[in-house]
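Notes follow the structure.
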Amino acid sequence: MSTRLSCGGRLIDRRAPRDFSFNGKKMRGFLGDTLASALLANDQMLVGRSFKYHRPRGIVAAGPEEPNALVGLGVGSRFEPNQRVTTTELFQGLTATSQNHWPSLEYDVGVVNNYAARFLPGGFYYKTFIHPRFAWKHVFEPIIRRSAGLGKAPIDRDADRYEQAYDFADVLVIGGGVAGLQAALVAGRSGARVLVLEQTAHWGGRAPVDEAEIGGLTADEWIRNAVEALEGMQNVTLRLRTMGAGVYDHGYVLAEERIADHTPADGRPRKRLWRIRAAKVIAAQGAIERPLSFAGNDVPGVMLAGSVRDFVVNHAVAPGDRTVVVTNNDDAYRTAILLVEAGLSVPVVLDARAAADGELPRRARAMGIRVETGRGIASVKGGKRVTGVAVCAQAGQGAVLETIACDSVAMSGGWSPIVHLWSHCGGKLIWDEVNAHFRPDPDRPPTGQDGQGIVVTAGSASGALTTDAVLRDATNAAGGTDAPEAAVPQEAPVAAIWVMPQGAGPELRAKMWLDYQNDVKVSDVQLAAREGYTSVEHTKRYTTLGMATDQGKLSNINGLAVLSQALSIDIPQVGTTTFRPPYTPVTLGALAGEARDDIFQPLRRTPMHEWHEAHDVEWEPVGLWRRPYCYRRPGETSHQAVMREVSNTRTNVGLLDASTLGKIIVKGPDAGKFLDMLYTGMMSTLPVGKCRYGLMCNEQGFLSDDGVVARIDEETWLCHTTSGGADRIHAWMEDWLQCEWWDWQVFTANVTEQYAQVAVVGPNARKLLEKLGGMDVSKETLPFMQWQDGTLGGFRARVYRISFSGELSYEIAVPANEGRAFWDACVAVGAELGAMPYGTECLHVMRAEKGFIMIGDETDGTVIPQDLNLGWAISKKKADYLGKRGQERAFLASPDRWKLVGLETLDGSVLEDGAYAPAEGLNANGQRNTQGRVTSTYFSPTLGRGIAMGLVLRGPDRMGEVVEFTKLDGSLAKAKIVDQVFYDKEGAKQDV
Amino acid sequence: MRRYSVFAIAREAMRHHTGWERAWASPEPRASYDVVIVGAGGHGLATAYYLGKNFGITNVAVIEKGWLGGGNTGRNTTIIRSNYLQDPSAAIYDKALSLYENLSQDLNYNVMFSPRGLLMLAQTHHEVRGYLRTVHANNLQGVKTEWIGPEKVKELVPIINIHGPRYPILGALYQERGGTARHDAVAWGYARACSAMGMHIIQQCEVTGVRSEGGQVTGVDTTKGHIGCKKLGIVVAGHSGQVAAMAGFRLPVESMALQALVSEPIKPCMDVVVMANTVHGYMSQSDKGEMVIGGGTDGFNNYTQRGSFHHIEETLRALIETFPMISRLKMLRQWGGIVDMTGDRSPLISKTPLGNCFINCGWGTGGFKAIPGSGWAMAELVAKGEPGPLAAEFSIDRFKEGRFIDESVAAGVAH
């Protein structure tokens, strides 16, 4: 059984017990435990079920590479699935539940898959469930979906918050083991701004576990000194619990800090996402031990030898009383020695190599530990827990030589450097024959914009596997020369042994796990190779090797090795799959940061926003703005409110908050020339004091925005754009000025938010302004399509005589900070004139009654101004404008275009939004031919009937013709083609 | 080709699966073929498959510079739908959807086409009008879609938040026949079927030049030597511009990276595919349990198949707002694919200035869903030398004529 040892445990505090529960069972650990060590201390080796076969699984590793031990953590709004127990710090009250089983962890019905495993090899689902066709959707897939997945889906809204922060560094060190600390010391002493990140809660990594001696000190002493020295440097920042997640182009690094995962609900953000710019990244993430592939290597109790040491030294937890060590290298002997020194039994070390003469094997033998060379494990005995191992000759086919009782197995297949951060941005790897691993190729680093490397690795991440080599490499990585000495035992090289025994037959190979979580076995990779899925990417995708939540940290190299053997090619020829960010999974909430709910996106408010809010507003999002859709009085529907607003505006006066309207100042000696290119009409000749309606097209000729342009002075124009178009059009202007016409002297400024704008619209509009008092707004002084500066009611105002409704209308711009007061003044003086505010829908109805187009309704990126009968707004005198050449193309210049007309239903009803007009016959693809569509359709309270505009094939030539339009219920509505102006065709009302 | 079935699996299980044959052969190239297709992605392999199946042309090689299905076919978010607005788009995507519905049976390879339904959320009045227009258009195109209200959205997707404070959900365009498929399996299934017809699929074979004589294509130079052909099909997505340059013409195509990511797997919580265009994000749940999430394209041209961070951030903000329960899930993996974008965001299936050389590209961010229809139309073009009705509107000449097939119209602009 696994248990807590009576002494030791460098990271735990035995005076600080911590109560927690696992599947409802009350357990106790200590401060400093991980959930993994605490579970093991309570003899909870069985912690989960595998993905496909639902095999019982235990803890294999001690770090982020753990594939099996994932649990659901917390409850309710703090529930999180798939939490790795090896990286979860224990806290008082922690609640964990195991995953992927029914009805219980101990008795799981899904294990039937395990008994049928023979019929469910890698990729089996591609070969079956094909017939009958309907069965995939209705029978097979639902079963597969339910049995797949891992943790439960959270239900509640996340109770925690997340934040993001920025940092920058000359040298960013990722990994706080001795390599990272040494690199930081060197970089720090050079005066560089240094940032050091460590994913765990402790500095020093594995060196203390392996009892390294550095510069005559114990590893713990050296680490303490190093951290103290670094803390004393002003230019060095140290961050624990911060995982370097990804390296992106240009040295951009993402890191995730766990702030309150171990102190939930303490008021702090749960996690913080760091976005770091670094001139140089030193990746010192260490190495990961590889499992060995023998039958039953997934039975709970089989663990990585190095992880066994981690648990014993750091947490004083022994995974078993009798531990068989199985290895292809010297390093695992450390585990045997440590366990015996801790008073536990190691019945045998099975070393697959022919000889084991290194210093560590010699020491083990001297302690009386039985060492068998040339031996391997034929199979592991036990179901939910190891009960013994069958020993065989490594060279043979698995004939059992003896069976040894034990309750745990410590395995080591050698160590692989962690190359993720090196590889994310294109760093290349080379195969190291001596150490049998891929390591970074220092000559082919990921490069920055200057072609120089942006990442270097340090320590075992470079492939250095002994403490002295680690320190030398780390010193070099940081540009130093003097590395501390470390006393290390001489180690014999690892043997490239992957499968045990060498001649294992299919029975055994089908029980050798490569990817524990996804249940990928040696036999699956061999099957993929046999079936031609020989590219390493094909093998991965066919078998799902390395696609589990550990992303192949334990399985990838072993899988490659098996594949290379199956294909009889060298491992480097097989290559690796692509390393993608993040290094370990990052919480989605942290990636999104604070942007949630009301501040999910920035909210743009006009100066009158609060007034609207206080007056029954119904909002409509328009870009990042919110605009009043209508003001719904008690008892009114939205539709009734809109009808009231239209009628009131047409008979009395209406007030519209038009502040969101885009306002861009264009100024300079070449501004007129520039605007003549930008607009289809002529803006350079517009006299000062006048306004002109303008259209903008993209280079293809399609209409992209419209608005009124006012000439402010000799060199200055003010361009109004649509509310949604302001930023886009400003960027469009700058694009042309910066990339194409960079020698033109033109300056632009988006002043949309500098002004509040109020449209005063309706027969009483002038009276309202006169009541405000100030400037002369008579027809004579301020005629239609002109503007003037002056004062109104004491406010500095710029008044435009423009109309988007067909009514007498003024648009008044005042400085934004006076906007609310001006609005209030309009409302106050307007009261006895019947003034009411109106919203966007009323604006739409009125402009449609008047036959005015709306960008986004009448246009959709395929419409040219000529289609909308706007030829009058295209200057015939100009040599060029943006879109002119595009509009000359055959299809756009054809007389057979769909053109804008008005539409009147015969029965007065409202045509449906988006309705099409079918034409006779079918096209070559069997689709019904069409001859037009509705672009705007409303009920007009002014006319008391439905009105619409639409684009109809040669529409203006077909006045009076009746055309049918589709309805969603399948029937058709008849409508007559009419002039698009339904209200005040002569324009008498707006020009008074 | 030995057929796959549950019986075949049972038989093989008895002998530890040692009897399975290769899914596709790995031959050395012959000196020449009737047709060479460059690019063994979904579109290239489907082209070859329908050349054989519909036109009896089997002296075909599909050559691939990397591993088959390794481009956008193997790195997309696997969404399949045909609720397009414009007639030519709806025709070809619906042809593709119809073929997908029977593809597993047709190829004897389970591509796991899963018509789980697809929703496109409307979150502004403008979007409502746009999707209503699409429903009207789809009805006339014979594509069954419907407009549904927010309550029905909630019923189909219980984890959705329809009352978000910023962009409450006003309804959705719903295509019940839409869904997903297993992307790799589509490439593998076509490859296996092509190989069974005697076609050659030649991987790790990069084209280095295109040869022609008297304005007619005669073959390609590759890293495995010269390969002659009577007809050439270029089906290489993000690298179309480079191969076209070898053939001596330019294309109205830009290449940029499109991002995607997956979460860790969880038990089923969302059956339907959901796309939210106002806030920029889409999500579905794979059969493995991962939430598969798509984001935006980088605003610059490049060929690195890498993700960058800012799009991921924008996408996740949108999706957490839409599906608050995903906040505590974790991102397992992010990546990028190189998409080929034309001026109107619609594809090219077209003759080229070089005789007997044909191009199929420009599928941009939506290529996976089109694979069978694209292959079907391209095969007809290659076999006959002239486009059939499905491909006719997708010629390069449309840019000269201004005959755009612009699908971004549904997105439009806010007023």
Side-chain angles (χ1 to χ4, degrees), chain A residues 80-82 118-119 121 126-130 141 144-145 148-154 157-158 248 506 527 530-532 535 537 541 549 580-581 585-589 591-592 595 597-598 600 621-623 722 724 854 856 860-862 889-892 913-916 918 924-925 927-928 966, chain B residues 4 6 9 13 16-17 20 22-24 67 87 91 104-105 109-110 114 124 126 129 132-133 136 140-141 165-167 184-185 264-269 287-289 308-309 313 316-317 320-321 324-335 389 401-403 406 408-409 412-415:
Chain A
E80 177 176 4
N82 304 329
R118 199 162 181 178
F119 299 93
Y126 300 119
K127 296 172 180 157
T128 182
F129 308 134
I130 297 173
E141 190 183 30
I144 288 175
R145 271 175 95 79
L150 271 177
K152 290 199 181 95
R157 207 182 176 81
D158 192 345
Y248 297 82
L527 176 64
R530 188 176 308 129
E531 293 193 273
S535 155
E537 286 283 353
R541 288 153 182 259
T549 64
R580 299 282 190 188
V586 174
T587 299
L588 300 186
L591 292 168
D597 301 330
D598 284 323
F600 145 62
V622 178
T722 56
M854 175 68 77
D860 66 1
T862 67
R889 288 176 293 181
F891 183 69
L892 301 184
D913 268 311
Y916 272 77
N925 288 314
Q927 300 165 319
R928 183 71 185 266
T966 52
Chain B
Y4 289 158
V6 66
I9 289 181
H16 300 286
H17 301 279
W20 292 110
R22 289 182 67 100
W24 52 81
W67 40 281
D87 286 350
S104 296
Q105 294 74 33
Y109 200 101
N110 188 355
S114 175
T124 64
H126 185 261
R129 290 193 292 271
L132 285 171
R133 179 181 166 193
H136 280 281
L140 294 173
Q141 291 154 346
R166 291 300 299 277
Y167 301 99
D184 292 320
E264 295 183 330
I266 51 172
K267 290 293 176 192
C269 63
D287 283 347
K288 205 160 170 280
S308 56
F309 175 65
E313 181 185 29
L316 288 174
R317 285 176 174 175
I320 289 174
E321 193 59 19
M325 53 70 73
I326 68 169
S327 172
R328 287 180 96 87
L329 302 185
K330 298 191 273 303
M331 174 170 82
L332 179 58
R333 188 174 175 90
Q334 71 167 116
W335 66 93
E401 297 163 7
R403 194 185 294 274
D406 196 331
S408 63
V409 298
V413 294
H415 48 83

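Chain letters run A, B, ... following the sequence lines, proteins first and then strands; every chain starts at 1.
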4.5 Å side-chain heavy-atom contact, [X] and [Y]:
{"X": "B/Arg133", "Y": "A/Asp913", "result": "no"}
{"X": "A/Val586", "Y": "B/Lys330", "result": "no"}
{"X": "A/Asp597", "Y": "B/Glu321", "result": "yes"}
{"X": "A/Leu588", "Y": "B/Ile320", "result": "yes"}
{"X": "A/Asp158", "Y": "B/Pro324", "result": "no"}
{"X": "A/Leu591", "Y": "B/Glu313", "result": "no"}
{"X": "B/Glu264", "Y": "A/Leu150", "result": "no"}

Quick one: what part of [X] sits under 4.5 Å from any heavy atom of chain B, side chain, backbone, both or neither?
{"X": "A/Tyr248", "value": "side chain"}
{"X": "A/Leu527", "value": "side chain"}
{"X": "A/Thr128", "value": "both"}

Any idea how B/Tyr109 and A/Tyr126 line up, ring-wise: parallel (<30°), tilted (30 to 60°), or perpendicular (>60°)?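 Plane angle under 30°, so parallel.
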With respect to chain A, which residue among [options] yields the maximal number of heavy-atom pairs within a distance under 4.5 Å?
{"options": "B/Arg166, B/His17, B/Arg403, B/Gln334", "result": "B/Arg166"}
{"options": "B/Met331, B/Met325, B/Lys267, B/Arg328", "result": "B/Arg328"}
{"options": "B/Ile326, B/Val6, B/Leu132, B/Leu332", "result": "B/Leu332"}
{"options": "B/Gly289, B/Pro265, B/Ala185", "result": "B/Pro265"}

What heavy-atom pair brings [X] and [Y] nearest, and what distance separates the two atoms?
{"X": "B/His136", "Y": "A/Gly914", "result": "CB-O, 3.3 Å"}
{"X": "B/Tyr167", "Y": "A/Pro621", "result": "CE2-CB, 3.5 Å"}
{"X": "B/Ala13", "Y": "A/Arg118", "result": "O-NE, 2.8 Å"}
{"X": "B/His126", "Y": "A/Gly856", "result": "NE2-O, 2.9 Å"}

Count the heavy-atom pairs under 4.5 Å between each of [options] and chain B, then report the option with the highest count.
{"options": "A/Ala924, A/Pro154, A/Ala890", "value": "A/Pro154"}
{"options": "A/Gly151, A/Pro506, A/Pro81", "value": "A/Gly151"}
{"options": "A/Ile144, A/Asn82, A/Leu892", "value": "A/Asn82"}
{"options": "A/Glu537, A/Arg928, A/Arg157", "value": "A/Glu537"}
{"options": "A/Pro585, A/Ser535, A/Pro121, A/Ala153", "value": "A/Pro585"}

B/Asp87, part contacting chain A, at a heavy-atom distance under 4.5 Å: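 The answer is both parts of B/Asp87.
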Measure the CH2-CZ distance between B/Trp335 and A/Arg580 for me, rounded to the nearest 0.5 Å.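 Between atom CH2 of B/Trp335 and atom CZ of A/Arg580 there are 8.5 Å.
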If I take atom CZ from residue A/Arg541 and atom CG from residue B/Asp184, how far apart are they, to the nearest 0.5 angstrom?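 Reported value, rounded in 0.5 Å steps: 4.5 Å.
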Please check if the side chain of A/Gln927 supplies one atom and the backbone of B/Leu140 the other of a donor-acceptor pair under 3.5 Å.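 Looks like no, no N/O pair under 3.5 Å.
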